[in-house]
Structure formats: structure tokens, C-alpha cells
Asks: 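Quick one: structure below, then a few questions.
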Amino acid sequence: MLTGNKGEWSEIYALFKLLGDGKMYAGDGDLNRVANLVYPIISILRKEPVDDFSYTIDNTNVNIIDSKGNSITVVAVEFLNKANDLLKAIKTNTKTFAIPEIESFMNTINSHSLKAKSTAKTDITIIIHDLRTGIQPVLGFSIKSRLGSPSTLLNAGETTNFVYKVENSNLSSTEIERINNIDSRQKLKDRITAIGNTGSTLRFVGTQKQVFQNNLILIDSMLPQILSSLLLLSAELGDSNLERLCEKLEERNPLNFDTSTAHLYYNYKLKRLLVDIALGMMPGKIWNGIYEANGGYLVVKENGDVLCYHVYNRNEFEDYLLKNTKLETPSTTKHKFGLIYQENGENFFKLNLQIRFI
């Protein structure tokens with residue numbers, strides 16, 4: 001029997017909903033439909049353990065064709081009916097669960113797994129008809145569901161640690177121990193404040209792993225410095241919302257960009273980062289700039305709408321990512337950050353970057 005969490009069942013929901021609708025609706029930065037931006041679906045390609053299948057839409061029917069050309073036909077409205085049943089089941093269940101009636105229908109359409117075989121970033125492959133260009137591109141999308149717990153955009157690890165040198169510091173071992181033993185609810189903020197109260201400052205020196213720093217520099221040469229300022233600002237303000245933090249960065253301008261012409265440097269550069277993370281960049285792997293999810297994101301909303309954030313409509317995609325993400329503090333013990341430590345007689349401190357959807 002198939003079992004999965006809300007996010008995994010949401011992938012099947014998206015498949016059913018898209019096949020039933022026969023089109024994708026574009027979304028804006030506030031998770032609303034863009035009225036005049038619709039992408040007709042030609043077919044959805046799905047790799048199953050037993051074979052590869054094409055779910056091709058033909059007026060009111062869906063033809064399901066395997067690699068040998070064998071086909072079965074299902075009325076499109078049946079997918080919508082099953083999508084509605086599945087949505088109700090996802091909303092009413094918790095943790096990991098089975099939905100026998102949905103699994104039974106899945107078996108009739110040659111779908112036998114919740115997650116199709118895919119790359120790390122691509123959950124579903126769709127051939128659309130682009131009404132503006134007339135072409136029919138094959139696009140890979142990552143599916144994000146708002147029906148369950150918010151997923152991470154950038155996972156934490158020692159790779160995503162940012163290293164700061166504690167400068168102007170003659171801290172005694174007793175002072176270092178006192179600061180490191182601060183265990184309040186906002187211990188990172190309080191430890192940084194305590195460091196500042198000694199007359200010391202934190203100066204960014206680099207990320208813990210060079211591959212991540214080089215990935216960031218590839219996207220934008222100033223990103224390591226921008227993110228290091230972002231982490232300190234988040235700790236100082238006790239605020240994790242990326243959109244608000246970005247606005248604060250624009251106000252404070254810690255990198256001293258020329259603001260005489262009112263360019264939004266931090267907004268632009270952070271949006272580029274978020275898109276590249278969403279579509280391919282991973283901190284521990286060399287980033288070549290090639291998107292794996294070359295179509296963009298599909299977002300399953302609480303009301304059942306499936307919104308498309310297409311890379312062709314980059315502005316809406318960027319707005320969605322910035323408005324719907326936050327910084328998150330993972331385990332300081334697991335990822336080894338948040339303590340003053342010494343190397344070659346000098347003091348250092350680490351902060352960690354993790355980004356989660358709201």
C-alpha cells in the first residue's frame with residue numbers, strides 16, 4: 001500500500017489537477033492567479049518504475065501512452081473528481097497516511113508511485129503550448145505544497161556556515177566561556193550582543209566551505225558579503241522574514257553601494273540567489289548555472305489551486321520567492337556554529353544560512 005505525507009500526496013494531486021484542467025495558471029508574488037497568463041498543457045511525462053508514460057490531453061480526454069505505444073483513455077473530468085477527493089484526504093490526514101481509493105485509481109492509469117523518478121529539483125515534466133511564442137517546450141517543474149509543513153528552499157549544513165573573525169578582541173577564556181554559555185531563547189542574538197558589549201566586532205572572512213562561496217560568487221561577486229550582513233542583521237533585529245530583511249539592507253546599505261540613483265542592489269541580488277537555489281544550485285556541489293527545474297515552480301495552494309511560476313515570467317517568480325521565504329536557525333550543535341572558537345590564537349564565530357518557505 002502506498003503511504004506518504006502531505007507534500008508527497010500533493011505531487012499526485014498536482015498531476016490529477018493539471019490533467020483535469022488541461023492548463024496551468026500563472027501566479028503572482030502574492031500567490032494570486034495572473035488573469036491573462038495561462039499555459040495550455042499538451043502532455044505530462046512521468047517516469048514510473050515499470051515504464052515511461054505520456055499523459056496527453058486530447059480535448060476532453062487524457063490518453064495515457066507507454067513507451068511501446070500502448071494507450072488507455074480516461075475522461076479528463078475523472079481526474080478533476082479524483083483531485084477533489086484527494087485534496088479532502090490530504091487536508092484531513094496527518095503525518096504519513098494511505099489513501100486506498102486514490103491508489104486504486106492510480107493503478108488504472110499506470111501510476112504506481114507518489115514521486116516520479118526525477119532529478120533533485122524536478123518533480124514533474126510538462127510539455128506546454130506557449131501562446132506567445134507558439135513553441136511547445138518540455139519543462140521540468142519543482143512542486144511546492146502549502147497543504148503541509150513549509151519546505152526548505154536551502155537546507156542547512158556545515159557547508160552553509162559563514163565565518164566571522166572577532167576583531168578588536170582581547171577576550172579572556174573566562175569571557176569566551178561566559179558568552180558561549182548564554183542559553184536564552186534567542187541565544188545567537190544574545191551572544192552576538194554580548195560580543196559587541198566587550199568592544200569587539202564581527203568581520204566576515206568567508207564561508208566554511210569554498211565550493212559554496214564560489215557558487216555564490218558565480219551568481220554575484222558580492223553575494224557572500226551580502227549574506228553575511230543579512231545573517232547579522234537577522235540576529236540583531238530578531239526578524240527572519242526575507243522581504244523585510246531585504247528592505248532593511250537597502251536602508252542600511254552595509255556594502256556602501258552608490259545609492260544616488262536609487263538602485264535596489266540588495267533586492268536584485270537576493271532575488272537572483274533565490275531563483276538559482278530554487279532551480280538548481282546546491283551549496284555542496286559545484287554550480288554551473290544550468291537549471292535542473294528549467295520550467296520553474298508549481299505551488300499547490302490551500303484552496304487546491306495549482307499556480308505556475310514560470311522562468312519566462314521571472315519577475316513574478318522572484319517576487320514569490322522573496323515574499324514567501326524566511327531565514328531559519330537550525331541546530332547549532334548539529335551544524336557546529338554559534339560559539340566563539342580559536343584558531344592560531346585568533347577568535348572566530350560562525351552563523352548558519354538556512355532558508356525555508358513561510
Asks: If the condition is ring pair (Phe, Tyr, Trp, His ring centres under 6.0 Å), which residues does H112 pass it with, not counting sequence neighbours?
Replies: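 If we apply the ring pair (Phe, Tyr, Trp, His ring centres under 6.0 Å) test to H112, skipping adjacent residues, there are no hits.
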Asks: Got more than 12 heavy atoms from elsewhere within 6.0 Å of NZ, K301?
Replies: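 Correct, the count exceeds 12.
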Asks: Can any side-chain N or O of S228 pair as donor or acceptor with the backbone N or O of Q225 at less than 3.5 Å?
Replies: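 Indeed, once roles are kept as given, a pair shorter than 3.5 Å links the two residues.
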Asks: Hey, do the aromatic rings of Y164 and F349 have their centres closer than 6.0 Å?
Replies: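 Judged by ring-centre distance (under 6.0 Å), Y164 and F349 do not meet the cut-off.
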Asks: Would you find more than 12 non-hydrogen atoms of other residues, nucleotides or ligands less than 6.0 Å from I286 atom CD1?
Replies: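 Counting neighbours around CD1 of I286, 12 or fewer heavy atoms of other residues, nucleotides or ligands fall under 6.0 Å, so no.
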Asks: Kindly write out the residues that satisfy ring pair (Phe, Tyr, Trp, His ring centres under 6.0 Å) with F141, not counting sequence neighbours, or none if the list is empty.
Replies: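 Here no residue qualifies.
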Asks: What verdict does the side chain to side chain donor-acceptor pair (under 3.5 Å) test give for T198 and S200, after you've listed the backbone C-alpha separation in whole Å, the side-chain angles of each residue and the deciding distance to 0.1 Å?
Replies: CA-CA 5 Å; T198 68; S200 304; 3.0 Å; yes
Asks: Would you say D58's side chain and N61's backbone share a donor-acceptor pair under 3.5 angstrom?
Replies: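 No; zero donor-acceptor contacts below 3.5 Å.
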Asks: With sequence neighbours left out, write down each residue that passes ring pair (Phe, Tyr, Trp, His ring centres under 6.0 Å) with F348, or none if nothing qualifies.
Replies: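 Applying ring pair (Phe, Tyr, Trp, His ring centres under 6.0 Å) to F348 gives Y341.
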Asks: Salt bridge or not between K323 and D30? Use side-chain N to carboxylate O under 4.0 Å.
Replies: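 A salt bridge is present here (some side-chain N lies under 4.0 Å from a carboxylate O).
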Asks: I need the T193 OG1 to Q186 CD distance, nearest 0.5 Å.
Replies: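 Going from OG1 on T193 over to CD on Q186, the span is 9.0 Å.
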Asks: Hey, is the main chain of R356 close enough, under 3.5 Å, to the side chain of E328 for a donor-acceptor pair?
Replies: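 Not at all, since once roles are kept as given, no pair shorter than 3.5 Å links the two residues.
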Asks: So if you build clusters from Ile, Leu, Val, Met, Phe, Trp, Tyr with side-chain heavy-atom gaps below 4.5 Å, do L270 and V311 land together?
Replies: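 Same hydrophobic cluster.
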Asks: Calculate, to the nearest 0.5 Å, the distance between atoms CG and CD1 belonging to N63 and I57 respectively.
Replies: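 Rounded to the nearest 0.5 Å, the CG-CD1 separation comes out at 10.0 Å.
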Asks: With the threshold set at 4.0 Å, does a side-chain nitrogen-carboxylate oxygen contact exist between K248 and E251?
Replies: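 So K248 pairs with E251 through a salt bridge.
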Asks: Once side chain to side chain contact (heavy atoms under 4.5 Å, CB included) is applied, do any residues pair with Q213, and if so which ones, sequence neighbours excluded?
Replies: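 With neighbours one apart ignored, the set is F204, T207, Q210, I217, P224.
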Asks: Answer yes when R314 and E316 have at least one side-chain N-carboxylate O distance shorter than 4.0 Å, and no when they do not.
Replies: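 So R314 does not pair with E316 through a salt bridge.
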Asks: Side-chain donor-acceptor pair under 3.5 Å between K187 and T332, yes or no?
Replies: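 Checked: K187/T332 side chains pair up, N/O donor to acceptor below 3.5 Å.
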Asks: Taking only residues two or more places apart in sequence or in another chain, which ones pass side chain to side chain contact (heavy atoms under 4.5 Å, CB included) with T329?
Replies: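 With sequence neighbours excluded, T329 shows a side chain to side chain contact (heavy atoms under 4.5 Å, CB included) to L188, F337, given in chain and number order.
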Asks: Run the numbers on N5 and W9 for side-chain contact (heavy atoms from CB on, under 4.5 Å), then give the verdict.
Replies: CA-CA 6 Å; N5 57 34; W9 280 110; over 6 Å; no
Asks: Over all heavy atoms of both residues, which pair between T325 and I355 is shortest? Give the atoms and the distance, please.
Replies: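 Residues T325 and I355, closest heavy atoms: CB-CG2, 3.9 Å.
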Asks: With sequence neighbours excluded, what pairs up with D21 under the salt bridge (Lys or Arg N to Asp or Glu O under 4.0 Å) test?
Replies: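 Salt bridge (Lys or Arg N to Asp or Glu O under 4.0 Å) check on D21 returns K17.
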Asks: Specify the closest pair of heavy atoms between G29 and N324, including all atoms of both residues, with the distance to one decimal.
Replies: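 Nearest pair, atom of G29 first, then N324: O-ND2, 3.4 Å.
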Asks: E11 and K115: salt bridge (charged side-chain N to carboxylate O under 4.0 Å, His left out), yes or no, with the steps?
Replies: CA-CA 7 Å; E11 291 195 26; K115 284 186 70 69; 2.7 Å; yes
Asks: Kindly check if the number of other-residue, nucleotide or ligand heavy atoms within 6.0 Å of CG (N181) is above 12?
Replies: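 Correct, the count exceeds 12.
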Asks: Mind running side-chain contact (heavy atoms from CB on, under 4.5 Å) on Q354 and L154 for me, showing each step along the way?
Replies: CA-CA 5 Å; Q354 176 167 290; L154 181 72; 5.8 Å; no
Asks: Within the distance-only criterion (no hydrogens, no angle test), does the side chain of N347 pair as donor or acceptor with the backbone N or O of I340 below 3.5 angstrom?
Replies: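 Such a contact is absent between N347 side chain and I340 backbone.
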Asks: How long is the gap from OG1 on T56 to CG on L45, to the nearest 0.5 Å?
Replies: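 T56 atom OG1 to L45 atom CG measures 7.5 Å (nearest 0.5 Å).
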Asks: Could you tell me the separation between the OG1 atom of T122 and the CG atom of N294, rounded to the nearest 0.5 Å?
Replies: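 These two atoms lie 6.5 Å from each other.
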Asks: Which pairs would a plain distance check flag for residues 32-43, meaning a side-chain donor or acceptor within less than 3.5 Å of a matching protein atom at least two apart in sequence or in another chain?
Replies:
residue : atom : partner : partner atom : Å
R33     : NH2  : D305    : OD1          : 3.4
Y39     : OH   : N313    : OD1          : 2.2

Asks: With sequence neighbours excluded, tell me which residues meet ring pair (Phe, Tyr, Trp, His ring centres under 6.0 Å) with Y55.
Replies: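 Y55: no ring pair (Phe, Tyr, Trp, His ring centres under 6.0 Å) contacts found.
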Asks: Run the side chain to side chain contact (heavy atoms under 4.5 Å, CB included) test against E101 and tell me which residues pass, sequence neighbours left out.
Replies: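 Partners of E101 under the side chain to side chain contact (heavy atoms under 4.5 Å, CB included) test: I99.
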Asks: Any idea which heavy atoms bring T159 and K209 closest together, and the distance?
Replies: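 Nearest pair, atom of T159 first, then K209: CA-CG, 3.5 Å.
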Asks: Is it the case that one hydrophobic cluster holds both Y266 and Y268, taking links as side-chain heavy atoms less than 4.5 Å apart, direct or via other members?
Replies: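 Different hydrophobic clusters.
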Asks: Would you check if the distance from the ring center of F79 to the ring center of Y13 is below 6.0 Å?
Replies: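 When the ring centroids of F79 and Y13 are compared, they turn out to be at least 6.0 Å apart.
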Asks: I need the single residue from F317, Y291, Y309 that forms a ring pair (Phe, Tyr, Trp, His ring centres under 6.0 Å) with Y297. Which is it?
Replies: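 Running ring pair (Phe, Tyr, Trp, His ring centres under 6.0 Å) over F317, Y291, Y309 with Y297 returns exactly one hit, F317.
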Asks: Group every Ile, Leu, Val, Met, Phe, Trp and Tyr by side-chain heavy-atom contacts under 4.5 Å, then state whether V205 and L223 land in the same group.
Replies: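 Per the 4.5 Å side-chain linkage, V205 and L223 are not co-clustered.
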Asks: Same hydrophobic cluster for L202 and I182, using side-chain heavy-atom links shorter than 4.5 Å among ILVMFWY?
Replies: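 No: no chain of side-chain contacts under 4.5 Å links L202 to I182.
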Asks: Please list all pairs passing the salt bridge (charged side-chain N to carboxylate O under 4.0 Å, His left out) test where one or both residues lie in residues 212-237, with sequence neighbours left out.
Replies: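 Only D220-K269, E236-R252 qualify under salt bridge (charged side-chain N to carboxylate O under 4.0 Å, His left out).
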Asks: Of all residues at least two apart in sequence or in a different chain, which pass the side-chain hydrogen bond (donor to acceptor under 3.5 Å, both in side chains) check with E78?
Replies: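 None.
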Asks: Is there a donor-acceptor pair closer than 3.5 Å between any side-chain N or O of N161 and the backbone N or O of H335?
Replies: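 Yes.
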Asks: To the nearest 0.5 Å, how far apart are CE in M281 and CG in N288?
Replies: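 With rounding to 0.5 Å, CE (M281) is 12.0 Å from CG (N288).
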Asks: Treat each ILVMFWY residue as a node, draw an edge where side-chain heavy atoms are under 4.5 Å apart, and state whether I64 and V75 are in one component.
Replies: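 Per the 4.5 Å side-chain linkage, I64 and V75 are not co-clustered.
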Asks: Measuring from I90:CD1 to S145:OG, what's the distance to the nearest 0.5 Å?
Replies: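 Reported value, rounded in 0.5 Å steps: 6.5 Å.
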Asks: Ignoring hydrogens and geometry beyond distance, is a side-chain donor-acceptor pair present between N155 and T152 at under 3.5 Å?
Replies: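 Per modelled atom types, N155 and T152 side chains form a pair under 3.5 Å.
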Asks: Does CD in E167 sit with more than 12 non-hydrogen atoms of other residues, nucleotides or ligands closer than 6.0 Å?
Replies: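 Enclosed: over 12 neighbouring heavy atoms sit under 6.0 Å from CD of E167.
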Asks: With side chain to side chain donor-acceptor pair (under 3.5 Å) as the rule and sequence neighbours excluded, what pairs involving residues 79-97 come up?
Replies: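 Not a single pair qualifies under side chain to side chain donor-acceptor pair (under 3.5 Å).
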Asks: Sub-3.5 Å donor-acceptor pair from the side chain of T3 to the main-chain atoms of A98, do we have one?
Replies: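 No.
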Asks: I'd like to know if E346 and K165 make a salt bridge, using a cut-off of under 4.0 Å between side-chain N and carboxylate O.
Replies: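 Result for this pair is yes, salt bridge flagged.
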